[in-house]
Amino acid sequence: MKARLAIASVLVAVLSATLAPLPVRASAPPAPAGEHGWVTSTLRHMSLEQKVGQLFATYVYGADATEPSAADRAANRAAFGVETPAEVVEEYHLGGVCYFSWSHNLDSPRQIATLSNGLQRAALGDGRKGRVPLLISTDQEQGVVLRMPPPAAQFPGAMALGAGRSPRAARTAAEITGRELRAVGIRQPYAPIADVNVDPANPVIGVRSFGSDPALVADLTAAQVDGFQDGAGVTAVAKHFPGHGDTDNDSHTDLPVINHTRQEWERIDAPPFRRAIRAGVESIMTAHIVVPALDPSGDPATLSPRILTGVLRGELGFRGVIVTDALNMAAVRQRYGDERVPVLALKAGADQLLMPPDLRLARDAVLRAVATGELSERRIDESVRRILTLKYRQGLTRSPLVDVDAAVRTVGAPEHLRAVTRVTDGTLTAVRNDDGLLPLRPADRSVLVTGWNTAAFAPIETVTQGFTARGARATARPATLPSDAVIAATAAEAAGHDLTVVLVNKAWDTTVTDPRGSQQRLVAALLATGRPVVVVAVRDPYDIAHLPGVRTYLATYSYTRAAMDTLVRALHGELSPRGRLPVAIPAADGGVPYPYGHGLTW
């Protein structure tokens with residue numbers, strides 16, 4: 001055994017020493033005729049280290065591939081041992097890069113497109129055989145999970161689309177989102193969410209799911225797969241297999257256990273993934289969850305051969321790319337060390353390894369596993385072949401670069417923004433209107449707009465501006481997770497206004513989001529003034545179950561500008577709410593006062 005490990009170490013060292021970075025050139029090498037020809041030829045000319053590099057996708061720091069800021073150079077050096085995004089791609093022969101705002105990749109269409117082109121040039125080098133274009137990705141689920149900043153089209157998220165009940169609208173949202181992503185060089189949006197959210201206390205999925213009905217989730221998942229792939233020409237990624245919708249803890253920080261029986265899994269969790277596969281989905285993302293009915297070992301699905309190879313590939317017949325959820329999440333790191341997780345994920349059947357906490361450690365661990373025989377090179381080839389096939393079908397072998405000027409014209413195009421309004425208008429859900437307060441009667445009224453706010457979207461300001469534009473004397477008083485003093489001052493101010501509109505965001509979650517219950521206490525204080533109060537849930541619709549006494553309540557499911565514009569127009573009777581609850585809202589003490597499908601209009 002010691003001898004084998006010694007051989008492995010030598011092999012890693014030799015591979016690292018013999019593969020120097022190649023010069024940069026702007027285009028991909030000529031592709032042999034046809035998909036099979038290119039994939040086979042490319043695979044044959046790749047070294048083992050190049051193949052293993054194709055398995056990894058990770059973040060890089062910086063807005064520019066070769067000239068990042070000094071802070072981003074330092075961050076890359078600390079994480080990867082090199083300073084620029086281009087050098088990270090070259091050093092590790094990366095198969096993919098995932099963009100985030102916190103890694104400073106997403107600023108404007110021109111910047112993003114330029115970054116993508118720079119990274120593709122780094123991946124392609126001088127065009128010698130064995131060099132492969134990147135698959136660039138991001139989490140553009142829409143709704144509350146947005147990566148592309150304005151002017152990009154910001155559509156409603158999954159639960160809002162579930163409230164709208166329109167596969168056509170879901171497809172439109174995916175197609176336009178995909179077109180804008182493709183224009184800036186992003187070919188793999190990590191969407192749609194195929195999880196069925198049957199637990200109102202789910203802290204990580206919630207409004208990211210289309211709803212609690214498996215048939216609805218399946219219909220809208222398939223519609224978005226079609227919109228992304230056939231409409232926009234990008235790779236849809238259905239997630240999180242085998243289904244993350246019935247958990248009350250977060251896989252970013254803990255290891256959730258889904259205690260569905262096999263029959264319950266077949267009835268609740270499986271249908272959206274089956275439909276996605278029938279719709280031709282090209283990629284599926286794993287979940288870091290334990291499902292004893294599918295695998296009693298206690299291993300998370302990401303590391304489970306029974307689930308990935310046995311169920312997903314064997315029973316459901318999926319033949320595309322299996323991408324892991326991020327490997328730096330706590331749920332997948334609890335049982336095994338960081339050097340074991342990527343090897344076990346490959347043994348389980350995964351193809352693309354997303355964001356390991358230590359990329360060099362993960363890469364070297366896979367190389368050692370091949371050298372020792374724990375993983376065969378044939379097994380590596382299977383995954384690389386799937387990844388290469390996906391890249392070929394994306395057209396990356398023919399045109400890996402994007403037209404930067406065209407990207408500027410495409411992202412946020414007027415027709416895209418008009419579509420955002422049309423789709424959003426169909427999602428607003430009126431849950432309570434007991435006193436007939438809505439729609440508001442025309443009047444010269446004074447309005448206080450308060451509650452939860454975020455600088456990135458400024459929903460309080462958007463609603464205030466909407467009232468002002470209609471002749472009201474409106475005042476914005478953000479009160480995000482307010483202190484007792486702020487609650488008292490806000491209530492005192494509300495007593496002097498004709499109407500208060502208060503936004504809440506996960507007010508039900510007094511464990512993590514709002515441990516002091518400050519949003520619940522703010523609403524109670526506003527109601528105690530005796531003045532009219534409109535409560536708007538800008539994320540989970542479940543908040544009303546924890547807000548006793550509320551008589552006027554709406555759910556927007558997100559806090560984008562479009563969602564707030566739709567809200568203001570509905571409050572003034574300029575449009576009628578059409579959304580219906582895609583989940584049931586149970587009472588805090590039992591019962592279901594607001595069932596699935598409930599929704600008022602005027």
Side-chain angles (χ1 to χ4, degrees), residues 142-144 150-151 153-157 159-166 168-169 172-173 176 207 412 414-433 435-454 457-476 497-505 532-539 541 551-582 598-602:
Q142 300 287 16
V144 301
Q154 295 182 338
F155 280 94
M159 192 169 284
L161 294 170
R165 299 292 201 278
S166 171
R168 180 177 180 181
T172 295
I176 291 176
V207 293
E415 62 270 24
H416 293 179
L417 301 185
R418 288 192 292 270
V420 169
T421 298
R422 288 196 305 272
V423 171
T424 305
D425 283 352
T427 65
L428 178 69
T429 306
V431 178
R432 290 194 76 159
N433 190 26
D435 300 325
L437 176 64
L438 303 178
L440 298 170
R441 278 60 171 174
D444 181 20
R445 64 176 66 240
S446 64
V447 181
L448 177 67
V449 184
T450 188
W452 186 87
N453 200 46
T454 171
F457 292 90
I460 294 287
E461 290 79 0
T462 301
V463 174
T464 303
Q465 291 164 8
F467 272 94
T468 300
R470 289 161 176 81
R473 289 171 283 113
T475 302
H497 286 76
D498 299 327
L499 173 73
T500 295
V501 177
V502 56
L503 310 186
V504 292
N505 183 330
V533 177
V534 176
V535 180
V536 183
V538 296
R539 185 162 173 150
R551 301 180 65 80
T552 309
Y553 180 86
L554 302 97
T556 63
Y557 310 98
S558 72
Y559 35 78
T560 62
R561 185 175 186 88
M564 297 300 98
D565 285 341
T566 294
L567 168 67
V568 171
R569 286 185 286 121
L571 293 178
H572 288 86
E574 297 165 16
L575 65 86
S576 300
R578 301 199 303 272
R580 291 177 289 147
L581 287 175
H598 171 79
L600 307 175
T601 191
W602 46 78

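Note that the structure is a prediction, hence the values are computed from the model and not measured.
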Where do [X] and [Y] come nearest, in terms of heavy atoms and distance?
| X | Y | value |
| --- | --- | --- |
| Ala160 | Pro156 | CB-CB, 3.5 Å |
| Pro577 | Ala570 | CG-CB, 4.5 Å |
| Ala153 | Val420 | CB-CG2, 3.7 Å |

- side-chain hydrogen bond (donor to acceptor under 3.5 Å, both in side chains) against Thr429, all qualifying residues, sequence neighbours excluded: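 Tyr557.
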With a 3.5 Å distance limit and no angle check, can you tell me whether [X] reaches the backbone of [Y] through a side-chain donor-acceptor pair?
| X | Y | result |
| --- | --- | --- |
| Trp452 | Pro459 | no |
| Gln142 | Phe155 | yes |
| Arg432 | Ala430 | no |
| Asn505 | Arg539 | no |
| Thr601 | Ser576 | no |
| Asn433 | Thr552 | no |
| Thr427 | Thr424 | yes |

- Between Phe457 and Tyr559, what is the ring plane arrangement, given parallel below 30°, perpendicular above 60°, and tilted in between? perpendicular
- Output yes when Arg470 and Glu574 qualify as a salt bridge under the 4.0 Å nitrogen-oxygen rule, no when they do not.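 Yes, this pair counts.
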- Using 4.0 Å as the upper bound for N to carboxylate O, is an ion pair formed by Arg569 and Asp425?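 Yes, this pair counts.
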- Message: Atom CZ of residue position Arg168 - does it have more than 12 heavy atoms of other residues, nucleotides or ligands inside 6.0 Å?
- Response: no
